[in-house]
Structure formats: C-alpha cells, structure tokens
Enquirer: 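Below is the structure I would like to discuss, written out as structure tokens.
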Amino acid sequence: MEKCLYMPTSAKATARQRKLVAPYDHIKIEKKWQKAWEANKTYQTENPSTGSGRLRRKKMYVLDMFPYPSGAGLHVGHPRGYIGSDVYARMQRMAGFNVLHPMGFDSFGLPAEQYAIQTKKHPGPFTDKLVAQYKKQLEIIGFSYDWGREVATHRPEYYKWTQWIFLKLYDAWYDTKKNKARDIKELIVMFEKSGNKSVAAVTDGTVPLFSAKEWNSFTALDQQNILMHYRLAYEGFAEVNWCEEMGTVLANDEIVDGPNGPVSERGGYPVIKKAMRQWFMRITAYANRLLKDLEPLDWPANIKEIQKNWIGQSEGSEIEFTLQAKAGNPVPELGSFNVFTTRADTLFGVTYVVIAPEHQLVQDLKHVITNWSVVETYIKSVAQKTEQERTMESDPASAKASATQGKTGIQLEGIVAVNPANGEEVPVWIADYVLASYGTGAVMAVPAHDERDFAFAKKYNLPIRTVVKATDNNEHTTAYGTLVHSGEFNGMNSAAAKKAITTFVKGKIVTKYKMRDAIFARQRYWGEPIPLRHEVNGLIVPLKEKALPLTLPNVKSYEPSGNGESPLAGVKSWVKEGYETNTMPGWAGSSWYFLRYMDPTNAKAFASEKAVDYWRDVDMYVGGAEHATGHLLYSRFWHKFLYDMEYVPTKEPFKALRNQGLIGGADGRKMSKRWGNVINPDEVVKLYGADSLRLFEMFLGPFEAHLPWSTEGIIGSRRFIERVWRLSQKIADEKAASHQKGAKILHKTIKKVTEDIQSFSFNTAVSSLMICLNEFEKTSVSANDFKIFLQLLAPFAPHVTEELWTGNTSIHLSGWPKYDPKLIIDDEVTLGVQINGKVRGEVTVAADASNETVEAAALALPRIQEYLEGMTVKKIIVVPKRIINIVIY
RNA sequence: GCCCGAGUGGUGGAAUGGUAGACACGGGGGACUUAAAAUCCCCUGCCCUCAACCGGCGUGUGGGUUCGAGUCCCACCUCGGGCACCA
C-alpha cells in the first residue's frame, strides 16, 4: 500500500474523544488475544485416544485445502477461503460441536526443487523456512486452527504413511465381481488354485488365459509381469514428450510448434514422443464408483459436472468385424477385431473401418498388408507427432489447422473387414483420428452420421450412406440392409434400434470411460521416494513396513540426470540398493492428509482406528475450484481404496465442499507481481487489523465469486468495527433496559446470520449485522442484547469481540445464540399496491390482517381511487405480507 | 466445436415469481472545528423539474408465459470456467 487512505481513530484521536471513548487499538488487542488463545488452548481439539469431555459432543470436521508454502508469500486473495471456513468452524464450535479445524502444508513440489537447482542447496531447510514464514502470515489473521495438528508432506514422519499407502496399493488388485479392491495375495492364491480362467479381474486385455498348472510353472519374473496387470499401483510404459538436448521430459504446455515439428518452449530443441518406464495408479478401476458416488455429495454442481465429464462414461456396443484377405490373396482367415460404437443403429451405414495406427493388430497383419512399406512410414510419422500436435492439426476448429491439413490416414491394402450385419466387405484404414487408448482402438466409420468420419470420407473419397433420418424430434432407422425386409427396424427410435442391432450381431453392451490411469512418477528429487527395490534379476521387492520411511538421500546435484531419470539415479548408494529412482508426484501427499490430522503424531498407524472412527470424514471442505479433476479426484480414489481395505469407515472423504472465488487486483487483473497490484495481508492487518480484513473479505461479495480487491472498501469494515467499539463504551455507561424494537431486530439478525453462515452467504450475514448495528445506534440497546450481538459477530471479528466480551469464558466457547420465534414476527407489514402490475402506492396493515381488510385498505388509498375512476376492477390479487395487485380494464 | 456458469446504479453487490438497487464504497450538502482529519445528520439509478409532487424509463438484446419476470421458457450477444478427434 503506497499511502494510508484511512487514519484510524486510535492513531489520531483528539483529546476530547479520548475522554469519551477509549481508542480501539487493533494491534494491541489482536496480539493480546492471539497469545491468550494459544496459552489457554482455546482451539485445541482433543484426540479420541486421550481426551474425553468434548468428545461426547457431535463431531464437525471443517477443513481447508492446505497450501503449498510458496516463497512469494500470501496476498490478500489467499486467506479468503481460510476466513470463510474459519467463520464456519467458529460458529459450529460456539454452537457446541466438537470441531476439528486443522492446517498444514503441501510442501513437496517444484518451486523448492527449482531453488535447489539454482542454489545447489538441499530443498529441505528452505522448505522448512517457507513453512514457518507462511504459518506466521496465517497466524496474524487469527484463525481458530489447532496448530498442534499441523502436518507437512515433506516430513519423513508424514511421508512414511504416504509410502505405506502406496505399498498397500501395490499389494492390491481390483475384483470386478465384488467391485472392490482386495489383497494381491488372494489373487495369487486363486491363480495357484485355478489359474486366471475363472478369475474376473481388471486387465488391460493383454494377459492370456492360463491354468493353475501353467501359473505354477511360470518363472517368478513372468508371474510378476502378470501381476503387474492387476496391481492398483503398477509399473508400465507411457508416452512422454522427450527432449534429447535438454535430457528431460516436458509437459504439454512446455512445448511449442516449430517449423519441423514440436520443439521445447525454452531453447527451441526438438521434442519427440518416447515411451518411458513409469509408475501408474489404476484409478480407472474406480471410474464407475467415482461417478456414481458423486451424486449424493453436497458439492457445487459445477465441480460435480467437471468430474463427471472428466470420468466421461459412455455406453455403447462392442461389435465384432471379421477380417478377410482380398480376393486373390492367399491368406484365407485372419481372425477378427472389435469396434466400439455408441451408434450401433448406424451399423448399416458403415462404409469403412478405421484402426488406430499404434494398434497391435496392425503389426499382426503386417504379412498380409500389401502396401506395408508405406503403412509403416505413415505409422512412424504419426508416432513422431505429439498428442498436442496431432489434435491441433486434425481439429478443424483449431486456428492452426488449414485446409490441407486435417485428419490423415492410409488404407491397409490386401485386407477387408466384414460387416456382421449384412456381410458387406468394407476397406480397412488406419488414421490418426482414432485413438488407441479409447474403446477398442478401432471404429466402424459411418460418414453419414459422424462428423469426423464424414470429414475423413470427403477427404479420401470414401462412400457415404445415410441410414438414419431425423423426423421432427425423433430419429428413425430407415429401411436399409437385410433386416428391413422383416420390418424390424421401421419406426424404431435409435436407442431401440441400437439395442436390437447389438443383439442381432451378437455384440455386447459395454461401458467405456475417457479417464485414464494416472501416472504416479516424477523424475524429480523433491518428492516422496517410492518404497520399492529392483533386484538385479528384475524382481521388484516392496519395502517392509518396518523399513519405512524410506528417506530421501542427499544428492550432489538436483538437476535432472539428462537421460530422463531423476537425480536419485545419480546416487550410488541408492542405485546399489536397487531403490526406485522415480519419486511420487505432487498429488501423493495431498491425497490423504485429511486423515493424518485426525491423529497427527501416531507412529504406529496413519491414524488410530479410534480416531478414524470418531472423525470419520470431512464435514465441510473449502478450497479452490481448480482442483476439480486433480486433488479432489485422487483423494476420492485413495479414500475408496482405503475403504475397500477397511482402513476408513466412509466411502467418500469430503461430504460437503465449497469453493472460494479468487480476489483480483483493484485494476481487475489477476493479482501478481507482474502487474504491481499485489496487496499483502500483513500490511492490511497492520493498518486496519485482522478483524477488519476478515470482515471485509467476507463482506466483499458472494464467497464463490471472483472479486476485485478494493483499497477503499475495507474502510467500511473498519468503520463498522469502530462503531461497535464505541457502542460498547456507551452501553457500559448506561443502565439500559430491554428494548422491544432492538430485540426484534436482534432476533431477526440471529436467524439471518445463523442461516447465512450455514449456507456460506457470508456477505449477507455481515450486511445483516450492519443493519442491526444501525438500528442499535438509532434507538438503544440493552447490555444483554449487545452481548448476543457480539456473539454473532465473533466468528467474523474474533479479536475485538473477545475484547468486548464480558463473560467468564472465551466468547468463542460461549455458545451460539438462538432466536425467539415470537420476536421475529412483525406486528405490521407494508405492502405495495399495484395497478396492472405497476406500483402505485403502499399500505401498512396488521401482519395478521385478512385479505379483505388489506383489499379495503388498498382501495381506500386516494391515489388508487384516482386510478380506478371510471375503470372496472377485473380482479384483485392479494399476496399476504407481499403485495396487492388490482387488475383493471 | 461440445458441456457448464454469469451479465443489475459511478463501484462491490442485495432481492423464496411479489414495492429492483438492501448493505457498503465513492460522490454531493450540512453540523462540529481557528482549520483539517475523524465523527454525526441529510441526499444520491436514469430522464423530466429551480425544487418537490406527479410522470416516464430502467436488471446484456429480442421474443414468450403470468395478474405480476432480475428471477421461468425460447433465440441471440458478450464474458468466465471445463473438455478437446473419446467413436
């Protein structure tokens, strides 16, 4: 803040004022109470294994998304969500709940790693410093956190349990029959007894069938490779963007288009696609449950929608096409392949089929494809493109796509596919617009009814055949193909036709998901080590629980190794032991931290059974909407896994969720150093006080809305608090009795504030407190009513209300006021009087006046009578306590 | 391109289909003061009017439903978010 726009009274009070009113010294008051709360353990939450008392109360877990302790420090936008959840937590605590309201730090991550690379210093001490700084900045805002429960993901005593959960995932598989995760040992027993022929389980379709006898004859390494297709944490290969010159893997947004293909954004070095060894999490096993269990959650609708779209469920059919050699080709029988389609009803419109270039089937057909050399060249050219480029080029909506670009493909000559519905032979193509990773990696092309197929068919002059016609609102399958003759499809809508066709061709109805398994490895130093050892014979050995935590070794260099491996690959002792050199991604530690708060110092378990049984799940979770498809999905996945393994009692971790909006600069731009519009909360707290900051951030606008900061606006909040302060002095001087009018306003305010805090409508809660104070100033207020007012204000302005509180205990443990239903009813109401929907006057009547009385009073108004002069009243609508509308001709 | 969400005074915003603009900022005027700051009181959507009254217009645009629409329905415009060849 460049200049002080507002000078608080405390600093410049005149001698005269000082006599009347003790100055409101926010600095002194806030410091005093923050100390006292800490000393008195006002916000400490008891642990079920040690405590008693409050534990008999109903629990309430109010959680903030813990921050990454960035070196840039906080700006005024950051605490907004924390203030909201703190207001909520404070009210629930006052209302008698046993509230768990903790805070911690997501402290593994890239910025500390960058620091380490630049300074060649260990990121640990640096991170500790940032945590301490960040914590200090939070503390002066006066949150009711139980700091005794603080966690930080980079501390070994914390990540020991992150590693422990990883091992549990590694040692688990997903039983699709029981629809839950199970111990891998149980699967091994099944294999030993009966092979996998009778075991229904998640596989990627590449595990051939084997008998028990065969299983037992496999080598340990073969068995390990098979099990890898079942484990929930598994090793595999993923295509990554590899930059040879930089010796590192790049994210999609670190790549730009160069003249000869993609290049790195920094330096402009060529980037290619390369398959690299990675660890994965089989989140797709939970796709259905993640989708289904979303429904009952009390979450913002848009977050649910985003997750739903991300999971991307679609119902369709798998239909088998057989392959045949073209006439004259000596190979008679080539087997078959499945296509996935959501429009089985268009099966008669298939004019060609397309297989993804990467599909294994294409390689298997090598010997019968007569134009193999060109096909091979094409496959290679596709492989060189990045995912981004491939999309960019063939997406007609993209600005970069030109007329000459677009979908590319090539026909596999020498073979044809047979449409199972009508026995028709259609050409087989491979094309870049078909993804190997979705569905079956092969599609039946119906150019008449699919935009992409249409574009492709146009480009390569493939036939287009219409089989479905739209009639008004319904689609009907038109007469085509052999089925028509039986009349079966005439007049059927497409959904029914789809089912009928699927049955007819003996396809199966299947459910597919867009969501992919999550890569669970980073080639970085500053993350949790993956607790596994690779033996020289290729066997992977998980660490024993006793051996955890596997702590990060010291390294000489924090730079990437240059060959795509993490800096850990350069540590001799580490590699000698065979330890995994990848580390876990940033989302590992944050996927379960809310469980650790339940019992943060437990050395025997991530949390005691007692603690987990008591706290169960998060009742209210507050944080940014940007985590919709990351953290919020991963946490649900891990939680469901822990539920399957009976470590937690609930299916979902976060019962309710609220998103806070961002605070932008006063100029409407994003608050950042770049624009020079950053407002530091420390300075605001110093100048106006934490209470003013808290009050203002809640008053500014709807909690979830993105709002610009206003340097002038906070003055209003400061003024409000000063007026409360002055009123308290006045009350102390007067022996005021109960005031009927004040009491009415107060009880309405109790109702409003209580409901508004519950619904996160903090801005209107503050507004109603302002209205109440305005009324108190106009009339007067009794000492007791003022005390209640302070209680209502306490969650927003905890320091000043504690200072003015005259009770024996802290105001924050003093109880939450209840309103008297009799006092919130008005004796009189004022109604607008409308003529033909336009307001022409108003009447004030008794609240319980009958419609007839109200009508008579309205009609008696002189102005209304003027309007009615010479007109006929058609009808009169009386909405009790709201409005009267007189309809005339 | 597809899927969500939002457009209200000078500003942030309020409003179960029922008197649009609560509350606050800013602005104008006044009181107090030698003066300023702070504080207190009054006014403050736009047009018409010296002013008040009266009246007219007003919630992105155009239609519709309704006694009555910021709110519900349809179309469009603008902005924000999510997805991105998912067959």
Enquirer: Sticking with atom P, work out how far B:G9 lies from B:G5, rounded to a whole angstrom.
Expert: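 The answer is 23 Å between these two P atoms.
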Enquirer: Taking the nucleotide of RNA chain B with the nearest heavy atom to each, does A:I306 or A:T440 sit closer to the 5' end?
Expert: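 Nearest nucleotide further toward 5': that of A:I306.
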Enquirer: Can you measure A:I721 atom CD1 to B:C23 atom P for me and round it to whole angstrom units?
Expert: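 Taking atom P of B:C23 as the reference, CD1 of A:I721 is at 19 Å.
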Enquirer: Picking from B:C23, B:U39, B:A20, which would you name as closest to the side chain of A:R726?
Expert: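 Of B:C23, B:U39, B:A20, B:U39 is nearest to the side chain of A:R726.
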Enquirer: Once you round it to whole Å, what is the distance between P of B:A37 and CD1 of A:I715?
Expert: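 Those two atoms, CD1 and P, are 13 Å apart.
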Enquirer: Give a yes or no on whether the backbone of A:G409 and the side-chain of A:D432 come within a donor-acceptor separation of less than 3.5 Å.
Expert: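 Not a single qualifying donor-acceptor pair exists.
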Enquirer: Quote, to the nearest angstrom, the C1' distance that separates B:C43 from B:A35.
Expert: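 Roughly 26 Å separates the two C1' atoms.
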Enquirer: Expressed in whole Å, how much space separates the C1' atoms belonging to B:U19 and B:C67?
Expert: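 Approximately 15 Å lies between the C1' atom of B:U19 and that of B:C67.
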Enquirer: Determine whether more than 12 heavy atoms belonging to other residues, nucleotides or ligands lie under 6.0 Å from atom CD of A:E626.
Expert: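 It does: A:E626 CD has more than 12 such atoms within range.
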Enquirer: Any Lys/Arg nitrogen of A:R658 or A:D298 sitting under 4.0 Å from an Asp/Glu carboxylate oxygen of the other?
Expert: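 Looking at A:R658 and A:D298, the cut-off is met.
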Enquirer: Using Watson-Crick or G-U wobble geometry with both distances under 3.5 Å, which nucleotide pairs with B:A20?
Expert: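 Paired with no nucleotide.
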Enquirer: Using a 6.0 Å cut-off, check whether atom NZ of A:K670 has over 12 heavy atoms from anything other than its own residue.
Expert: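 At most 12 heavy atoms, drawn from other residues, nucleotides or ligands, come within 6.0 Å of this atom.
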Enquirer: Looking only at side-chain N and O atoms, does A:R719 come under 4.0 Å of OP1 or OP2 in B:U39?
Expert: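 Checking B:U39 against A:R719, a side-chain N or O does come within under 4.0 Å of OP1 or OP2.
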Enquirer: Among B:A24, B:C67, B:G13, which nucleotide has an atom closest to any side-chain atom of A:P702?
Expert: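 Comparing B:A24, B:C67, B:G13 against the side chain of A:P702, the answer is B:G13.
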Enquirer: From CD of A:E842 over to P of B:G18, roughly how many Å is that when rounded to an integer?
Expert: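 Atom CD in A:E842 sits about 18 Å away from atom P in B:G18.
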Enquirer: Tell me which nucleotide, if any, is Watson-Crick or G-U wobble paired with B:C40 when both distances must be under 3.5 Å.
Expert: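 The answer is B:G30, by the H-bond criterion.
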Enquirer: Taking any heavy-atom pair under 4.0 Å as a contact, classify A:S710: base, sugar-phosphate, or nothing.
Expert: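 Nothing, no heavy atom under 4.0 Å.
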Enquirer: For A:V879, report the nucleic acid contact type (base, sugar-phosphate, nothing); a contact means any heavy atom under 4.0 Å.
Expert: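 Base contact.
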Enquirer: Would you mind pulling out the nucleotide paired to B:A35, Watson-Crick or G-U wobble, both distances under 3.5 Å?
Expert: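 Here B:A35 is not engaged in any pair, so there is no nucleotide opposite it.
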Enquirer: Between B:U11 and B:U61, how far apart are the P atoms? Round to whole Å, please.
Expert: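 Per the computed distance, 15 Å lies between those P atoms.
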Enquirer: State the pairing partner of B:C76; accept Watson-Crick or G-U wobble contacts with both distances under 3.5 Å, and report none otherwise.
Expert: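 Result: B:G60.
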Enquirer: Which whole-number value in Å describes the distance from A:K881 NZ to B:U16 C1'?
Expert: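 A:K881 atom NZ is separated from B:U16 atom C1' by 14 Å.
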Enquirer: Take atom P in B:G70 and the same atom in B:C57, then report the distance between them in whole Å.
Expert: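 It comes out at 13 Å once rounded to the nearest Å.
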Enquirer: If we call it a pair only when both distances are under 3.5 Å in a Watson-Crick or G-U wobble match, what pairs with B:G1?
Expert: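 B:C83 is the nucleotide pairing with B:G1.
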Enquirer: Taking the minimum atom-to-atom distance to the side chain of A:W310, which one of B:A87, B:G12, B:C83 wins?
Expert: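 Nucleotide nearest to A:W310's side chain: B:C83.
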Enquirer: Would you measure the distance from the P atom in B:C50 across to the matching atom in B:C41 and give it in whole Å?
Expert: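 Rounded to whole Å, the distance is 32 Å.
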Enquirer: Quote, to the nearest angstrom, the C1' distance that separates B:C25 from B:U44.
Expert: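 Here B:C25 and B:U44 have their C1' atoms 13 Å from each other.
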Enquirer: For A:E855, what residues pass the side chain to side chain donor-acceptor pair (under 3.5 Å) criterion, not counting sequence neighbours?
Expert: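 Once residues adjacent in sequence are excluded, A:E855 has no partner under the side chain to side chain donor-acceptor pair (under 3.5 Å) criterion.
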Enquirer: What integer distance in Å separates A:I883:CD1 from B:U66:C1'?
Expert: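 It works out to 14 Å between those atoms.
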Enquirer: Of the candidate nucleotides B:G12, B:C3, B:A87, which contains the atom at the shortest distance from the side chain of A:E305?
Expert: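 Selected nucleotide: B:C3.
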Enquirer: If you only use heavy atoms from C-beta on, which nucleotide in B:U16, B:C3, B:A87 is closest to the side chain of A:S314?
Expert: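 Minimum distance to the A:S314 side chain belongs to B:A87.
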Enquirer: Base of B:G10 relative to its sugar, syn (within 90° of 0) or anti?
Expert: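 Glycosidic conformation of B:G10: anti.
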Enquirer: Closest nucleotide of RNA chain B for A:I714 versus for A:E451: which of these residues is on the 5' side?
Expert: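 The residue mapped nearer the 5' terminus is A:E451.
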Enquirer: Using a strict 4.0 Å threshold on nitrogen-to-oxygen distance, state whether A:E697 and A:R80 make a salt bridge.
Expert: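 Judged by the 4.0 Å cut-off on N to carboxylate O distance, A:E697 and A:R80 do not form a salt bridge.
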Enquirer: When the C1' atoms of B:U71 and B:G7 are compared, how many Å lie between them, rounded to an integer?
Expert: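 Those two atoms are separated by 14 Å.
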Enquirer: Is the shortest side-chain N/O distance from A:N774 to OP1 or OP2 of B:A24 below 4.0 Å?
Expert: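 Affirmative; the distance criterion is met.
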Enquirer: Could you run down the sub-3.5 Å N/O contacts of the protein with nucleotides 55-60 of chain B?
Expert:
from	atom 1	to	atom 2	distance (Å)
B:G55	OP1	A:R863	NH2	2.7
B:G55	OP1	A:Y867	OH	2.6
B:G55	OP2	A:R863	NH2	3.3
B:G56	OP2	A:R840	NH1	3.2

Enquirer: In this structure, how many angstroms lie between the P atom of B:U11 and the CG atom of A:L707, rounded?
Expert: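 Distance check: A:L707 CG to B:U11 P gives 15 Å.
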Enquirer: Would you say A:N763 places a side-chain N or O within less than 4.0 Å of OP1 or OP2 belonging to B:A14?
Expert: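 Checking B:A14 against A:N763, a side-chain N or O does come within under 4.0 Å of OP1 or OP2.
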Enquirer: Counting any heavy atom closer than 4.0 Å, what does A:R516 reach on the DNA or RNA strands: base, sugar-phosphate only, or nothing?
Expert: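 If one applies the 4.0 Å heavy-atom cut-off, A:R516 turns out to touch a base.
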Enquirer: Return the nucleotide paired to B:G55: Watson-Crick means purine N1 to pyrimidine N3 with N6-O4 or O6-N4, wobble means G-U with N1-O2 and O6-N3, both under 3.5 Å.
Expert: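 Its partner is B:C47 (Watson-Crick or G-U wobble, both distances under 3.5 Å).
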Enquirer: Does B:G13 have its OP1 or OP2 closer than 4.0 Å to a side-chain nitrogen or oxygen of A:T764?
Expert: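 Answer is no, no contact under 4.0 Å.
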Enquirer: Please report the C-alpha distance between A:N302 and A:E704 in whole Å, then the side-chain angles of each, then the deciding distance to 0.1 Å, and finally whether the side chain to side chain contact (heavy atoms under 4.5 Å, CB included) criterion is met.
Expert: CA-CA 12 Å; A:N302 65 316; A:E704 66 286 353; over 6 Å; no
Enquirer: Measure CZ/A:F340 against C1'/B:A87 and give the value in whole Å, please.
Expert: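 Interatomic distance, CZ of A:F340 to C1' of B:A87: 8 Å.
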Enquirer: When A:V854 is tested against each of A:L859, A:V845, A:V879 for side chain to side chain contact (heavy atoms under 4.5 Å, CB included), which residue passes?
Expert: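 One option only clears the test, and that one is A:V845.
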Enquirer: Less than 3.5 Å apart, any donor N or O on the side chain of A:T341 or A:S317 sitting next to an acceptor on the other?
Expert: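 Short answer, no.
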Enquirer: In whole angstroms, how far is the C1' atom of B:U11 from the CD atom of A:E712?
Expert: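 After rounding, the gap between these two atoms is 9 Å.
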Enquirer: Between A:K512 and A:E318, does any side-chain N to carboxylate O distance fall below 4.0 Å?
Expert: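 Yes.
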